[in-house]
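Each remark here refers to the structure printed beneath this line.
Atoms within a ligand are numbered from 1 in the order they appear, just like the ligands themselves. Just so you know, these numbers use all the heavy atoms, side chains as well, and skip hydrogens, waters and symmetry mates.
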Amino acid sequence: LSSRGCRRLRGAQLKDLLREKHCVLFDCDGVIWNGEKPVTGAPEVVNMLKKRGKSVFFVTNNCTRPRESYVQKFLRLGFKDVVQSEILSSSYCSAIYLRDVAKLQGKVYVIGCDGVHKELREAGVQFVEDDAAVPGATISDCPLESDVRAVLVGYDDELNFLKLAKACCYLRNPDCLFLATDRDPWHPLRGGRVTPGSGSLAAALETAAERKATVIGKPSRFMFQCIASQFGVDPRRAIMVGDRLETDILFGWSCGVDTVLTLTGVSTLEQAQAYRDSLAPEKAICVPDYVVDSIADFLPAL
Ligand code: PLP
Ligand code: CA
């Protein structure tokens, strides 16, 4: 078992792999860009893959923005021809899930940013438009809506106690669906700072509600199902390229897609090797098949 995975991809092996695979799934932050900085060579890699006739998709757990603003970001960072249908975010897929899978009748109570609101609106899913917080208001005296049938929790930089309390009250109803955009624990920012991720908010609400949320983003398979059902992708002909073992690599493994860890983001080669050498089955499923320093390593093979 210990020799499985973490294989360095270079030269002829990379060429062979890219010949075999028709579809490349990229995580965004830590793979394609770091914040507002594109990974060196990433625009050329995406461009060349498309020129070679590969399908390319971007699978991000970042729920803060709607897909149209990712289209703008790709353009701003020098990616010339990325279109909205190639971008799957955890907020977009949450909206699709509520509309097409849950077939929600009623409203969603949202803890989240604009990205979630815009995607829900676009999908025609109704949600509670929370009024501005009244100073001094408590959960005992704030009204609750009777037609809330789901709670969706994601990254919210304006989270407050009252929102958490309201969500908790709605979740007392066992028929109220409980969804989380993703479980990402934290994200790196510039200068060594970090921000808590959606997962930290979901955990707070899960504790209060004594229920577990259904997760939409990676590593749940739902985002891949969205791609597979719309574009007919065969997992055996796809690769998933990501920077986080517990998110991207586990996602690929769960979907039956070969995985590539790139070292431009959160997880390190040492962590991947420690997982490979560990006997714990929950670690073994987070071991990447392949490792590259950066997706720029793909260029010579293209
Ligand atoms: N969620 C938030 C709020 C983020 O800021 C980030 C990364 O910056 C992510 C999720 C992770 O995004 P990705 O899945 O593209 O790495
Ligand atoms: Ca990432």
Side-chain angles (χ1 to χ4, degrees), residues 24-39 42 46 56-67 69-71 73-74 76-77 79 82 86-94 110-119 152-159 179-204 213 215-224 226-227 239-252 254-255 257 259-268 271-272 286 288 291-292 294-295:
V24 184
L25 310 172
F26 286 111
D27 166 54
C28 290
D29 204 67
V31 174
I32 292 289
W33 54 59
N34 284 293
E36 274 298 311
K37 230 177 126 279
V39 164
V46 170
V56 175
F57 295 99
F58 302 92
V59 190
T60 179
N61 271 0
N62 194 330
C63 59
T64 59
R65 307 189 214 194
R67 285 166 306 152
S69 98
Y70 287 111
V71 173
K73 179 167 181 173
F74 275 108
R76 192 164 72 237
L77 300 192
F79 298 79
V82 175
E86 294 166 329
I87 303 168
L88 289 103
S89 68
S90 55
S91 46
Y92 166 67
C93 291
S94 297
V110 180
I111 292 179
C113 296
D114 222 33
V116 175
H117 297 137
K118 285 223 168 90
E119 293 293 359
L152 172 60
V153 58
Y155 185 92
D156 184 348
D157 53 8
E158 292 180 6
L159 176 74
L179 302 184
T181 56
D182 62 275
R183 275 197 202 285
D184 286 3
W186 57 273
H187 300 286
L189 301 176
R190 271 178 306 174
R193 304 259 168 127
V194 298
T195 179
S198 306
S200 63
L201 279 56
V215 178
I216 299 297
K218 300 168 289 183
S220 148
R221 288 199 300 264
F222 186 66
M223 290 169 103
F224 184 73
C226 288
I227 298 174
I239 44 171
M240 169 71 200
V241 187
D243 72 309
R244 214 166 188 155
L245 301 169
E246 291 82 358
T247 314
D248 306 311
I249 303 306
L250 181 54
F251 170 72
S254 308
C255 300
V257 172
T259 53
V260 181
L261 175 72
T262 173
L263 299 173
T264 47
V266 170
S267 297
T268 64
Q271 285 166 340
C286 297
V291 180
V292 292
S294 155
I295 61 167

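- Cation-pi geometry between R193 and W186 is not met at under 6.0 angstrom from the ring centre and within 45 degrees of the axis.
- When non-hydrogen atoms are compared, ligand 1 lies under 4.0 Å from the side chain of D184 (C-beta onward) but not from its backbone.
- Restricting D243 to its N/O/S atoms, the shortest distance to the Ca ion (ligand 2) is reached by OD1.
- Annotation for ligand 1: atoms under 4.0 Å from non-hydrogen atoms of T64 are 3 (C).
- A salt bridge links R76 with E36: the closest approach of a Lys/Arg side-chain nitrogen to an acidic carboxylate oxygen falls below 4.0 angstrom.
- Using a 30° and 60° split on the angle between ring planes, F58 and F74 fall in the tilted class, from 30° to 60°.
- Heavy-atom proximity to T60, at under 4.0 Å, picks out these atoms of ligand 1: 12 (O), 13 (P), 14 (O), 15 (O).
- D27 contributes OD2 as its N, O or S atom closest to the Ca ion (ligand 2).
- For the pairing with D27, the side-chain contact (heavy atoms from CB on, under 4.5 Å) check across N61, T247, D248, V59 returns one residue only, D248.
- Atom O is the N/O/S atom of D29 found closest to the Ca ion (ligand 2).
- Y155 pairs with exactly one of T181, T195, D182 by the side-chain hydrogen bond (donor to acceptor under 3.5 Å, both in side chains) rule, that one being T195.
- Contact between L201 and G154 at its shortest, heavy atoms only, is CD2-O, 3.3 Å.
- Considering backbone and side-chain N/O atoms, D27 comes within less than 3.5 Å of an N/O atom of ligand 1.
- Between the Q271 side chain and the T268 main chain, a donor and an acceptor come within less than 3.5 Å of each other.
- Interface atoms of ligand 1 facing N61, defined by a heavy-atom separation under 4.0 Å, are 1 (N), 10 (C), 13 (P), 14 (O).
- With ligand atoms numbered from 1 in the order given, ligand 1 contributes 3 (C) to contacts under 4.0 Å with heavy atoms of Y155.
- Inclusion of D248 in the first shell of the Ca ion (ligand 2) is not supported: no N, O or S atom falls under 3.0 Å.
- Close approach of ligand 1 to C28 (heavy-atom distance below 4.0 Å) involves ligand atoms 15 (O).
- Looking only at heavy atoms of the protein, atom 1 (N) of ligand 1 is closest to H187 NE2, 3.2 Å.
- The heavy atom nearest to atom 7 (C) of ligand 1, considering only N34, D157, V266, D29, is found in D29.
- Of the protein's non-hydrogen atoms, N62 ND2, 3.3 Å is the one closest to atom 4 (C) of ligand 1.
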Requested in this report: Determine, step by step, whether T60 and D29 satisfy the side chain to side chain contact (heavy atoms under 4.5 Å, CB included) criterion, reporting the C-alpha distance in whole Å, the side-chain angles of both residues, the deciding distance to 0.1 Å, and the verdict.
Outcome: CA-CA 8 Å; T60 179; D29 204 67; 5.9 Å; no
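- Under 4.0 angstrom from ligand 1, there are no non-hydrogen atoms of D248.
- Taking all atoms of both residues into account, the shortest heavy-atom contact from G112 to H117 is O-CE1, 3.9 Å.
- At least one heavy atom of K218 sits less than 4.0 Å from an atom of ligand 1.
- Minimum interatomic distance between S294 and T264 (heavy atoms only, all atoms of both residues): CB-CG2, 3.8 Å.
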